[in-house]
Amino acid sequence: MNRIHLLDKSVYELIAAGEVVDRPSSTVKELVENSIDAGADNIVVEIKNGGKTYLRVTDNGCGMASEDVPLAFVRHATSKISAKEDLDSIGTLGFRGEALASVCAVSKVQLLTKRREDELGFRYEIEGGVEVSTESAGCPDGTTIIVRDLFYNVPARQKFLKKDTPEDNSAATVVQKIALSHPEISFKFIRDNKVEFVTSGDGKLLSAIYTILGKEFYDGCIPVDYKYMYVTVKGYVTKPLAARATRVFQNFFVNSRYIKSVTLATAVEEAFTDRMMVGKHPGCVIDISMPAECVDVNAHPTKLEVRFQDNNTIYSAVYYAIKDALLKSDSPEEFNADGSRTSANSSVTHRQLYSGATLISGNSEKNEQMSFGSTTASYQRTSMSTTEFMKTFMKDYKAPNIRDAHIAVSESKENDIQEESESESTFAYINEQSLAKPVSSETAIESVSEPLEIRVIGEAFKTYIVAQCGEDILLVDKHAAHERLIYEGLKRNVTELDSQMLLNPVRINLTYEQYEALYENQDVCRRLGVSIDFNDAPEIMINGSPMIAQDMDPIDVVVQIADSITQGKKNKGSEIFDDLYHTFACKAAIKANSDTNVIELERLMELITEEDIRYCPHGRPILVKLSKREIEKMFRRIV
């Protein structure tokens, strides 16, 4: 083994630089953050060849005094902190004094800077950490830094850079993220002499969203504005139907600093549970504001990851902020004559549809037996039709009590969220204002008039209920609507499901963890209609399965129960059986393409108009609207 020795300065500075600057985009990030800290409200970023040969950042910030410029390129030289206590309340994006030192150690740097009070600016050149020249120069107020030949003196690092286009895109993404976090600053990004985008800098987040994320994202946005304890959550989140196939459109900022956080991403996605299609992910631009001492931004060299003082508080604030936004602003889809979809803003709002509407029946024989085709289910000790099953669940159904809402993050996702047994006085809940729609003058006039009538016209393709409500045609997916009703009933009213005994009991081997989960929760299994004999671990014998899940393999039911208990062990307050209830509801609900008479359709429509139900348990929409105006456009009756 070689003897221990001190590394030469030229070596350890290159190693240290690699922790901060690993590619052109990280150089852009460090320089742009310095410009923001300098008070700039106009920043231009220009790159060529992916930023590998040329990279320029120009701002109109405060500039630097000539005597301070050489010191700015010394490692750990900074104007942003001076004592260890300052690390507890960092209010700037940069603070460790490593950015310029790291950049100049692996490139050729030229700096032009001028303060407003100075007659002349200052020009400074440094290559590989060695000063080349200094002189006074004429230049505009602010600072311009030009970085050439990145990693020219570190061939091993240079050969790992990607081709121009990937490096270009990475740098553009960095500028976009920062632009979203600072809508009050105008950002211009130039790639190979071509302007890619320019943000307005008008201070409006929606303006930045439109420029950076595009019209489609902009059209699907709903506002988020919520405060819980010391945390304020603001920004925008996409509607469930505007969700994307990936998480790339999720943008999180803490005190206007772009970060990546599993806690925040999980909180957002959990808030969309039952509203969004499986495999889809909501987009968002969320800024969380909190006292600087409550978050550690010094947990990672690139400062992309932060450490929260209390994960539970942050999770709760974001979760309920999104829930609050969805309750306030999410509305049914309305189809336009050109085939596009927009939020419903016509004569009937979503809340009016579900609270002020009166169902007008075309058949007065309300007591006629409604079988909903051949689909049957059982809730009590005797068999009953699906309709009766649904009535049993829904007769005492009330809107979800927000105080019963549960949140959870698994132990593997950063830190455990504390169990929700804390006193209600210390927990955040959505208030009544979340359930209220903004009242315009038109709405106020309408509210004192007669409630809108919903008239079932018929059924299309044996799948969709067709109804008229005021100036709108409503299309309701009968399977999705019925499935959601059963699902809500199961979640809130399940006491003990009927068990259907098997003619041939089934023996299966589980994992020891699954066996223990079922053994310790035998009462839960009984309530879910599962009858089990426990043999020598890990073998069990299944004697009965829930009657409501008569089409399911009993083994699948039992394994799903065991897995749900196991996964929810650390968070007993969470809805650990949601997936199981989804499956039960789907199996028991009326099926598409099944025969359904008008009385059945009216009854189903009556039930779904009683409560604010918008999505099936899998996130598909239950109802869409087509306005009279759009229909008249289609027939060219109006322009």
Side-chain angles (χ1 to χ4, degrees), residues 7-21 24 26-49 51-82 92-154 157-158 171 188 190:
L7 286 174
D8 184 82
K9 179 182 177 182
S10 61
V11 177
Y12 71 66
E13 284 194 343
L14 290 177
I15 295 172
E19 295 179 353
V20 178
V21 178
S26 58
T27 306
V28 169
K29 175 181 180 295
E30 297 294 342
L31 299 183
V32 171
E33 287 181 347
N34 276 349
S35 294
I36 295 173
D37 288 340
D41 60 13
N42 195 305
I43 300 174
V44 179
V45 178
E46 180 179 5
I47 62 174
K48 296 178 182 178
N49 304 117
K52 293 179 285 187
T53 61
Y54 182 89
L55 188 159
R56 175 175 65 92
V57 176
T58 300
D59 67 62
N60 64 345
C62 62
M64 290 185 282
S66 57
E67 59 269 22
D68 288 342
V69 172
L71 187 61
F73 289 89
V74 177
R75 191 167 299 280
H76 306 311
T78 180
S79 62
K80 300 167 186 177
I81 62 172
S82 57
T92 54
L93 295 176
F95 53 89
R96 294 184 296 197
E98 293 180 313
L100 293 180
S102 297
V103 171
C104 76
V106 293
S107 65
K108 302 172 183 178
V109 177
Q110 181 183 101
L111 179 143
L112 289 165
T113 186
K114 178 183 175 296
R115 298 184 301 179
R116 289 174 178 81
E117 61 269 27
D118 294 336
E119 291 186 6
L120 287 174
F122 189 73
R123 181 175 175 273
Y124 184 81
E125 288 191 34
I126 183 170
E127 297 181 2
V130 178
E131 182 180 299
V132 175
S133 67
T134 64
E135 62 180 348
S136 297
C139 58
D141 296 340
T143 301
T144 296
I145 296 182
I146 300 173
V147 179
R148 291 186 173 89
D149 302 329
L150 190 64
F151 298 126
Y152 79 99
N153 55 348
V154 192
R157 179 68 61 104
Q158 192 176 49
K188 179 188 288 187
I190 305 171

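Since the model is a prediction, treat every value here as computed from it, not as a measurement. For this chain, numbers begin at 1 and follow the sequence in order.
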Across all chains, not counting sequence neighbours, the side-chain hydrogen bond (donor to acceptor under 3.5 Å, both in side chains) partners of Ser35 are Asp59
Can you tell me which residue pairs pass the salt bridge (charged side-chain N to carboxylate O under 4.0 Å, His left out) test with a partner in residues 99-113, sequence neighbours excluded?
Lys108-Asp149
Residue pairs passing the salt bridge (charged side-chain N to carboxylate O under 4.0 Å, His left out) test with at least one member in residues 127-138, sequence neighbours excluded, are Arg123-Glu135
Start with the C-alpha distance between Phe151 and Val21, add both sets of side-chain angles, then the distance that settles side chain to side chain contact (heavy atoms under 4.5 Å, CB included), and finish with yes or no.
CA-CA 10 Å; Phe151 298 126; Val21 178; 4.1 Å; yes
Does Arg116 reach the main-chain N or O of Gly61 with its side chain, forming a donor-acceptor pair under 3.5 Å?
yes
If you round to the nearest 0.5 Å, how far is OG of Ser26 from CG of Leu150?
7.5 Å
From Lys48 atom NZ to Leu55 atom CG, the distance as rounded to the nearest 0.5 Å:
11.5 Å
Quick one: side chain to side chain contact (heavy atoms under 4.5 Å, CB included) partners of [X], sequence neighbours excluded?
X      : result
Asn42  : Val44, Asn60, Ser186
Asn49  : Thr53, Asp164
Thr113 : Met64, Val69, Leu111, Phe122, Thr143

By the ring pair (Phe, Tyr, Trp, His ring centres under 6.0 Å) test, which pairs, at least two apart or in different chains, include something from residues 129-150?
none
What residues, two or more places apart in sequence or in another chain, satisfy salt bridge (charged side-chain N to carboxylate O under 4.0 Å, His left out) together with [X]?
X      : value
Arg56  : Glu46
Asp141 : Lys114
Glu117 : Arg115

Nearest non-hydrogen partners of [X] and [Y], listed with the distance:
X      : Y      : value
Leu112 : Ala137 : CD2-CB, 4.2 Å
Asn153 : Ala105 : ND2-O, 2.9 Å
Val74  : Pro70  : CG2-O, 3.7 Å
Val109 : Ser107 : CG2-OG, 3.4 Å

Side-chain heavy atoms of Leu31 within contact of Leu100, under 4.5 Å:
yes
